[in-house]
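Right, one structure below, let's go through it.
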2 protein chains.
Amino acid sequence: MKVKKATPWDPEAAPTFWINHASRLLMRHFEQRLRPLDFGMAYLPVVGALEEHGPQLQKQLAEHAHVEQPTMAALLTRMERDGLITREPHPGDKRASQISISEKARDRLPQAREQLAEVAAQATAGFSDRERATLLALLRRVVENLDPSIED
Amino acid sequence: MKVKKATPWDPEAAPTFWINHASRLLMRHFEQRLRPLDFGMAYLPVVGALEEHGPQLQKQLAEHAHVEQPTMAALLTRMERDGLITREPHPGDKRASQISISEKARDRLPQAREQLAEVAAQATAGFSDRERATLLALLRRVVENLDPSIED
DNA sequence: GCAATATAGATAGCATGCTATGAAAGTCAA
DNA sequence: TTGACTTTCATAGCATGCTATCTATATTGC
């Protein structure tokens with residue numbers, strides 16, 4: 001005979017909700033620390049890419065950050081408003097814009113990264129190096145399992 | 001002497017970005033599968049709590065789902081629009097509302113859970129039971145490290 | 001009883017993200 | 001060259017989530 005309901009299906013048993021919860025907590029911590037710098041969490045991959053590879057197209061930045069094009073467009077609008085990037089007409093392709101990093105962004109990038117590192121450290125406080133590596137590896141596999149694009 | 005730049009600080013090395021990326025991918029898969037049911041990913045913990053514990057206050061639902069009160073207010077508005085819950089004046093406290101699950105929601109909950117399970121399975125495809133458990137345990141620890149409320 | 005405080009929701013404003021769609025400009029084949 | 005296709009971006013509309021702040025109603029301590 002069946003037990004009536006031991007626990008009528010626990011959504012908390014799936015890693016999906018924990019991934020989501022962790023993501024939201026990370027966002028909150030980040031945004032709080034980055035606000036004084038006029039940075040947002042989403043800005044970091046963009047500023048990083050621009051610093052490392054020089055001016056780029058919106059398309060390239062979207063691919064780098066793994067977000068859709070309209071998401072990147074809105075993100076760049078906010079970053080422009082915050083004085084972290086500039087958009088100039090692309091020479092040779094009137095459809096496109098060249099996105100460049102500003103001095104302000106270049107100056108503040110190290111501090112933003114410092115905040116990132118601190119939050120990351122807090123998130124994995126009490127983890128051994130091995131556990132950190134394991135978490136990263138498992139998450140990579142989750143992403144591979146879900147990402148429509150095979151590239152990584 | 002220093003190497004010029006081995007890799008000028010890689011944000012992808014931190015689990016934080018992978019958690020975020022995985023979370024977004026999960027959302028996309030979910031929303032796509034739940035849309036035909038008039039469900040959203042965020043609805044599930046709410047409908048689940050209402051089914052299991054009966055009518056509740058907004059406050060209780062927010063705590064259960066680990067979201068802030070205004071987030072739950074907006075969520076309930078959408079759920080009400082989609083015919084999944086009803087809000088009635090609370091007898092005995094004129095400030096509060098009683099949130100109740102609708103028949104439609106009760107009917108569709110199993111199907112929504114089925115979709116959830118399938119996405120979860122896809123996310124951890126190729127994982128051993130042990131790896132699944134490890135991922136869950138590490139994520140729990142991340143959440144504990146970041147959650148201001150000690151409870152869990 | 002009543003003023004001070006606490007609690008339940010509502011609202012405004014914003015950040016991130018998505019899909020769907022349109023417009024402009026480049027490319028290429030006939 | 002020119003019509004069809006591709007590519008790059010913009011816009012609209014929406015879901016989730018947050019903080020800050022306001023209102024209305026309870027509760028509590030004198």
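- For the pair Arg108(A) and Phe39(A), the NZ or CZ position fails the cation-pi test of under 6.0 Å to the six-membered ring centre and within 45 degrees of the ring normal.
- Protein atom NE2 of His90(A) is 11 Å distant from nucleotide atom P of dG26(C), rounded to whole Å.
- Each of dG17(C), dT16(D), dC9(D) was ranked by its minimum atom distance to the side chain of Met27(B); first place goes to dT16(D).
- Counted within 6.0 Å of NZ on Lys104(B), heavy atoms from surrounding residues, nucleotides or ligands total more than 12; the atom is thus considered enclosed.
- Within 6.0 Å of CZ on Arg130(A) lie no more than 12 heavy atoms contributed by other residues, nucleotides or ligands.
- Each of Ala73(A) and Arg95(A) was matched to the nucleotide of DNA chain D holding its nearest heavy atom; the match closer to the 5' end belongs to Arg95(A).
- Atom C1' of nucleotide dA8(C) and atom CE of Met72(B) are separated by 14 Å, given to the nearest angstrom.
- One interatomic measurement links the two molecules: CD of Gln60(B) to P of dT7(C), which rounds to 14 Å at whole-angstrom precision.
- Between the CD1 atom of Ile99(B) and the C1' atom of dA8(C) there is a distance of 11 Å, given to the nearest Å.
- Ring geometry for Phe17(B) against Phe30(A) counts as tilted: the plane angle lies between 30° and 60°, on a 0 to 90° scale.
- Under 3.5 Å, the side chain of Glu31(A) and the base of dA15(C) form no donor-acceptor pair of N or O atoms.
- Heavy-atom distances to DNA chain C give each of Pro70(A) and Asn20(B) a nearest nucleotide, and the one nearer the 5′ end belongs to Asn20(B).
- Contact check, Gln58(A) against dA10(D): a side-chain N or O comes under 4.0 Å of OP1 or OP2.
- Here the straight-line distance linking atom CG of Leu76(A) with atom OG1 of Thr71(A) works out to 10.5 Å at 0.5 Å rounding.
- Nearest to the side-chain atoms of Lys94(B) among the listed nucleotides dT25(D), dT8(D), dG17(D) stands dT25(D).
- Between the side chains of Ser23(B) and Arg28(B), no donor-acceptor pair of N or O atoms lies under 3.5 Å.
- Taking atom CD on Glu68(B) and atom C1' on dA15(C), their separation rounds to 15 Å, with Å as the unit.
- Not one side-chain nitrogen or oxygen of Thr71(B) sits closer than 4.0 Å to the OP1 or OP2 atom of dT16(D).
- Side-chain N/O atoms of Gln32(B) include none lying less than 4.0 angstrom from OP1 or OP2 on dT19(C).
- Put simply, CG on Asp93(A) is 12 Å from P on dT7(D), counting in whole angstrom units.
- Taking 4.0 angstrom as the limit, Arg81(A) places a side-chain polar atom (N or O) nearer than this to OP1 or OP2 of dA15(C).
- At whole-Å resolution of the value, CZ in Arg35(B) and P in dA20(C) are 7 Å apart.
- Proximity of Arg28(B) to the phosphate of dT16(C): no side-chain N or O atom is located under 4.0 Å from OP1 or OP2.
- Of the candidates dA8(C), dC9(D), dG17(C), the closest approach to any side-chain atom of Ala96(B) belongs to dA8(C).
- When each of Arg24(A) and Gln69(B) is assigned the nucleotide of DNA chain D bearing its nearest heavy atom, the one mapping closer to the 5' terminus is Arg24(A).
- No engagement by Phe30(A) is indicated, since no non-hydrogen atom pair under 4.0 Å with the nucleic acid exists.
- Rounded to whole Å, atom C1' of dC14(D) lies 17 Å from atom CE of Met41(B).
- Arg87(A) has a side-chain polar atom (N or O) that falls below the 4.0 Å cut-off from OP1 or OP2 of dA10(D).
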